[in-house]
Enquirer: 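Below are the structure tokens for one structure; questions will follow.
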Protein chains: 2
Amino acid sequence: MLTKKQLDLLEFIHKRVQRDGVPPSFDEMKEALDLKSKSGIHRLITALEERGFIRRLAHRARALEIVKLPDALEAKLGQSQSSFKPQVIDGDRPDQRPVAAQSLPTSGAAAGVIDLPVMGRIAAGVPIAAISEVSHNVAVPAAMVGKGEHYALEVKGDSMIDAGINDGDVVIIRETVTADNGDIVVALVEDAEATLKRYRRNGNAIALEAANPAYETRLFRDDQVKVQGRLVGLIRSY
Amino acid sequence: MLTKKQLDLLEFIHKRVQRDGVPPSFDEMKEALDLKSKSGIHRLITALEERGFIRRLAHRARALEIVKLPDALEAKLGQSQSSFKPQVIDGDRPDQRPVAAQSLPTSGAAAGVIDLPVMGRIAAGVPIAAISEVSHNVAVPAAMVGKGEHYALEVKGDSMIDAGINDGDVVIIRETVTADNGDIVVALVEDAEATLKRYRRNGNAIALEAANPAYETRLFRDDQVKVQGRLVGLIRSY
DNA sequence: ATCGAGTTGCTTCTTGGTTAGCATGGGTCG
DNA sequence: CGACCCATGCTAACCAAGAAGCAACTCGAT
């Protein structure tokens, strides 16, 4: 899917985001790939975006984020993730992909809605298998989802109640593999459980904070946690 | 399903992706299969795509990825995978793919939304004038509104925060003039201000409770309070 | 106004995907 | 057995991307 150059750049960006929390500028990428002009970077970036690996805002400095990593890269970088059954891992990203993105609200235009698959429920300690099946779909205002792939989850439990996320709410998740401090994310912990938590990174440590004093913040090494998506919307029915 | 050649090619591609993370070019495949022309490769690739084993972007260099492997190949290559995860993961994706389809928001989805007018903002102590103008519209999943008239309000302030209603949330209100104890309602107090509060009636007294200990419950005679609507839904964007 | 950062146009060279035409060996079907 | 389809092979053009460089332009933020 990717050329060597594209892969190199993607890897570089990923590392920088991991290390600094901030994506590199074109010039930095230019340096990293040992180019003399950043126009080349521009084209590579465009290619990556076209292929769905990154997402970006035009004309915004460093406004890009990694949405997914090719399997090869993930394997290369993510050594330590213990042994686990393939298909489980499979459960996550790769293929729900087609689902969201291209939802250009054609006719519906401004007033559009998008159907997103509800991938199950999520709480503190849900086996990821739970988020690999589509239970049903929900209609979501198109304005809530931007570019990229999205899906929905039903929230179970009260661990995020202080963030205004109640039991039974449906949260809209944008698939990404990165997050900024303070973001609420779906995090896969040790390839075993997915939780909705506030993300905070400190060097190599990642803290997953609940928004409920009754739950403790859990600390992990960065190789124990994989961000699977970021909270972008919430829908509740009374 | 596959001819020998097709299988060979698929295997080769798979190995290369495993090894380099980058799919081979037609020329490389040509070499690998010991052909003298890449047109043959083109046909094989087309066949593989047609049969759903790979996915690709036309006219893009190396833009192809393996979607699934035939059982035979999987068995053959799958030995050592216990400690590895990469490509095996691809294994059963194909099945989830169809999920995608429904994301075409066209007709079906369009029917699933309703445009509601946002009548302004509401908080503790907003002049009713504020809820008489439409500032804009929001798309709301049709499932959220039932019978009756509805409108939306943007919540201002944190008075209902313990009910999971945050500053900036958009609440969907069904117009009614009655409410049951415990409902969250838009109440017009003394014809002067509209607030979003939890409703509780006790004889002739009506209590409007905030969901935030910082605010006091206010008591009124029932002729001082008019229910204007009841909370039925909430939408939040991050 | 100015700086930093992203965007574009244009050029050049290389790599790589697409097509068309023609040929061969295997099967399948009357 | 001959007609025909299909998978393969090969040649040869052809053209579209990928990759790089330089420079000018523009947008956003200060």
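Hydrogens, waters and symmetry mates are skipped; everything else that's a heavy atom, side chains included, is used. Lettering of chains follows the sequences in order, A, B, ..., and the numbering in each one begins at 1.
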Enquirer: Side chains of B/L44 and B/M29: does their closest heavy-atom pair fall under 4.5 Å?
Expert: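 Result no, sub-4.5 Å side-chain heavy-atom pair not found.
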
Enquirer: Reading nucleotides 16-30 of chain D from the 5' end, what letters show protein touch, with B for base, S for backbone sugar-phosphate only, - for no heavy atom under 4.0 Å?
Expert: -SSSBBB----SS--

Enquirer: Starting at atom CD of A/E28, determine the distance to atom C1' of C/dG4, rounded to an integer number of angstrom.
Expert: 11 Å

Enquirer: Measure from CZ on B/R62 to P on C/dT14 and round the result to the nearest Å.
Expert: 17 Å

Enquirer: Roughly how many Å is it from CG in B/L2 to P in D/dT8, rounded to a whole number?
Expert: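 Distance check: B/L2 CG to D/dT8 P gives 10 Å.
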
Enquirer: For B/K30 and C/dT15, what is the distance between atoms NZ and P respectively, to the nearest whole Å?
Expert: 13 Å

Enquirer: Identify the heavy atoms of A/Y199 and A/D180 that sit nearest to each other, and give their distance.
Expert: CD2-O, 3.6 Å

Enquirer: Just the rounded figure in Å: distance from C1' of C/dT14 to CZ of B/F26.
Expert: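 It works out to 17 Å between those atoms.
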
Enquirer: Which pairs, with at least one residue in residues 34-52 of chain B and sequence neighbours excluded, count as a salt bridge (charged side-chain N to carboxylate O under 4.0 Å, His left out)?
Expert: B/D27-B/K38

Enquirer: Tell me: CG of B/L64 to C1' of C/dG17, nearest whole Å?
Expert: 12 Å

Enquirer: Can you measure B/I41 atom CD1 to D/dT8 atom C1' for me and round it to whole angstrom units?
Expert: 11 Å

Enquirer: Could you check whether any side-chain heavy atom of A/P70 comes within less than 4.5 Å of a side-chain heavy atom of B/V17, counting everything from C-beta outward?
Expert: no

Enquirer: Taking NZ, NE, NH1 and NH2 as the nitrogens, is one of them in A/R55 or A/E175 under 4.0 Å from a carboxylate oxygen of the other?
Expert: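 Not counted as a salt bridge, because no side-chain N and carboxylate O are separated by less than 4.0 Å.
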
Enquirer: Does a side-chain N-to-carboxylate-O contact under 4.0 Å join B/E65 and A/K68?
Expert: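 So B/E65 does not pair with A/K68 through a salt bridge.
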
Enquirer: Distance check needed: C/dG17 C1' versus B/R56 CZ, whole Å only.
Expert: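 About 7 Å, once rounded to whole Å.
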
